Amino acid sequence: MSEDLSKDFIRQIIDQDILEDSSCQVVTRFPPEPNGFLHLGHAKSICLNFGVAAEKNGITFLRFDDTNPTKENEIFVESIKKDVTWLGFDWGKKLTHASDYFEQFYLAAISLIEKNLAYVDESTPEEIKISRGTLTKPGIDSPFRSRSAQENLDIFKRMRNGEFSDGKMILRAKIDMASPNMNLRDPAIYRIRHYQHQRTADKWCIYPMYDFAHALSDAFEGITYSLCTLEFEDHRPLYNWFVKQVETQHCPRQIEFSRLNLAYSLTSKRKLNDLIEKGVVDGWDDPRLVTISGMKRRGYPASAILDFCKRIGVTKKDNIIEMGVLENCVRKNLGDTSERRMGVLKPLKVTLSNYDEGQVEYLDAQNHPNFPDLGIRKMPFCRELYIESSDFLEDAPRKFFRLKPGGEVRLRYAYIIRCDEVIKNSNGEVIELICSYDVDTKSGTGKSDKKVKGTIHWVSAQHSITSEVRLYDRLFKIPDPANVDDIEASINPHSLEIVEAELESSFAEENAPKVFQLERNGYFCLDNMSEKKSFNRVVTLRDSWAKIEKQALNS
RNA sequence: UGGGGUGUAGCCAAGUGGUAAGGCAACGGGUUUUGAUCCCGUCAUUCGCAGGUUCGAUCCCUGCCACCCCAGCCA
């Protein structure tokens, strides 16, 4: 492994800060709102926040941004903790919640009111919307803007005491209704919500807004680098305004980076939630989603996700990462770590006419071609076998070096066979092949120097285990599902295919691997969530034959 | 048309006043009883465009163009 020579712009800023002041601490935070499950975009943020701190012996808080009780719940809190841990990060004792600071936020709001920097506005939401102006027209002051601090103080306290109903009034920062930055046109600081909060229950009926709570939480925790995505760039002046006006002891610095976009997939909690509610996918952990729990269930190793985050980098550029990058990380990780097995996804029966009925041979099969230390297993070989249907073609193109009528192919770890006869059903579909084997070509014996182009996998029909296997493809037909009106119309109808596969007999053993490669088919894992025994295809192998076929089709 | 950002290959991404890293993809070849893995090689005379400064500009200056974000009592 060569060392990375280049650092992203955030790490460069931090390096520079440390160069200028060696006492400079690195304190970061990962601050999800517990209103959904984490996805790959969060993984990017987690890797950045935890990574940057770890590199400088700093610390990272896991902070739940729970300022909106109507959208949040304990299930999401637990899932987030689980996912962060699974990715391999440890927040130690630094587990906090925005709600831990509700009292401090309240006091900070009081101080703003006392400084005449905040006021209670009793306008309706519609009135506030209109008076805010537009992108090109300045807003106008609210009639409540000039209320005395005394009066504001009194009403705000009564807001807290629950004297008013939801939506009746808000506390606003008094900044500048004519600011070209919309966020500075007297943004809301507190709103009234008579709603059970998952942690503070009914202790509060007023809740702070994101900009206020986030800036102050960062300041209270001594966060030095508050790393967030680009859409908050316009919020930075407001963030800084709160920190300054509340006169916190510590001043955090917000730095923004671009969010992750992965082609043919969705990284938006809201849109994921829609798909789940409509039943388009099975839940947050559907293996077709790039949620952390979905990818985990699919069989993606955490280290592959970490590797992915490292490869995509951190910049301020809009980006769309190709699916291949993620898949490649998964293959790369699994290639060296998973044992090989054989399994036939779409079986085609093969009968060896010259192999004795009732005879069984046990043939040696390597568990990993590159690592002999991983040992061998015995595979039973009989007169009746299954091969992959796609490994036989009646009208084979020139470069197809698998089985065809009259052609020969090697059965991996076994013999070379020749296809003598093709049996079809009344629909003309091939249902069985009658073949003959060449006894001198047994693997490892060196009796024959016969060479064939192709080697295919197989299982003994008598010994194979029928098992459910789930084959996944990308969830969407289009690269940018996030940008279309009708997401459901862009769903790939073939994103999940369930097949009855025939697996080699070793899967009956107690210590059969949970994650493995089915040779020539891809990487698979046992699905821990389904009730019956079922396997997920994690990712296919790279397939240059498929590429050749596709090219032939296009030309 | 206000404000804030971003433009380096098909996709990511370094770089910086001295002649364009790296990864993925693609392509060509080698090894191979997985059309896998692995190995070797090819792949930007040019950095959104146009001017200017300079011996020299992707980098500095000016103008233009394209794309993204912002008008929640969401985060």
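Reminder, nothing fancy here: chain letters follow the sequence lines and each chain counts from 1. What you see below is based on every heavy atom in this structure, not just the backbone, and it leaves out hydrogens, waters and symmetry mates. Predicted model only: the values in this text are computed from it and were never measured.
Between A/Phe9 and A/Arg193, the residue whose closest nucleotide on RNA chain B is further toward the 5' end is A/Phe9.
A heavy-atom distance below 4.0 Å to RNA chain B is reached by these residues of residues 31-49 of chain A, ordered by number: A/Glu33. Within a heavy-atom distance below 4.0 Å of RNA chain B, the residues of residues 161-174 of chain A found are A/Gly167, A/Ile170.
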Report, one pair per line, the protein and nucleotides 27-31 of chain B atoms (nitrogen or oxygen only) whose separation is under 3.5 Å.
{"from": "B/rC27", "atom 1": "OP1", "to": "A/Gln551", "atom 2": "NE2", "distance (Å)": "2.5"}

Protein and nucleotides 37-44 of chain B: nitrogen or oxygen contacts under 3.5 angstrom:
{"from": "B/rU37", "atom 1": "OP1", "to": "A/Arg542", "atom 2": "NH1", "distance (Å)": "3.2"}

So which protein N/O to nucleotides 66-72 of chain B N/O distances come out below 3.5 Å?
{"from": "B/rC68", "atom 1": "O4'", "to": "A/Asp318", "atom 2": "OD2", "distance (Å)": "3.0"}
{"from": "B/rG72", "atom 1": "OP1", "to": "A/Lys129", "atom 2": "NZ", "distance (Å)": "3.2"}

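A cation-pi contact, defined as under 6.0 Å to the ring centre and within 45° of the axis, links A/Arg160 to A/Trp204.
Rounded to whole Å, the distance from CZ on A/Phe257 to C1' on B/rA13 is 16 Å.
Stacking annotation: A/Tyr210 is not stacked on the base of B/rA75 (requires ring centroids less than 5.5 angstrom apart and an interplanar angle below 30 degrees).
When heavy atoms are screened at a 4.0 angstrom cut-off, A/Gly444 is found touching base atoms of the nucleic acid. Within the nucleic acid shown, A/Arg402 comes within 4.0 Å of at least one base atom, counting heavy atoms only. A/Thr70 comes within contact range of no nucleotide atom at all, as no heavy-atom separation falls under 4.0 Å. If you check every strand for non-hydrogen atoms under 4.0 Å, A/Gln517 touches a base. Residue A/Thr229 is classed as having no contact, given no heavy-atom separation below 4.0 Å to the nucleic acid. Across all strands shown, A/Glu322 has heavy atoms under 4.0 Å from base atoms, whether or not it also approaches the sugar-phosphate. Across all strands shown, A/Phe400 has heavy atoms under 4.0 Å from base atoms, whether or not it also approaches the sugar-phosphate. A/Pro369 comes within 4.0 angstrom of a nucleotide base, judged by non-hydrogen atoms across all strands.
With respect to the salt-bridge test (charged N to carboxylate O, under 4.0 angstrom), the residues A/Arg147 and A/Asp121 do not qualify. Salt-bridge check for A/Lys269 with A/Glu33: failed, with every basic side-chain N at 4.0 Å or more from each acidic carboxylate O.
Atom NZ of A/Lys271 sits in a crowded spot, with more than 12 heavy atoms from other residues, nucleotides or ligands closer than 6.0 Å.
Within 90° of 0 lies the glycosidic angle of B/rG72, which makes this nucleotide syn.
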Notebook entry, point to check: Taking only Watson-Crick and G-U wobble pairs with both distances under 3.5 Å, what dot-bracket line describes RNA chain B, where [ ] shows pairs that cross earlier ones and | shows pairs with another strand?
Noted result: .((((((..(((.....[...))).(((((.......))))).....(((((..]....))))))))))).....

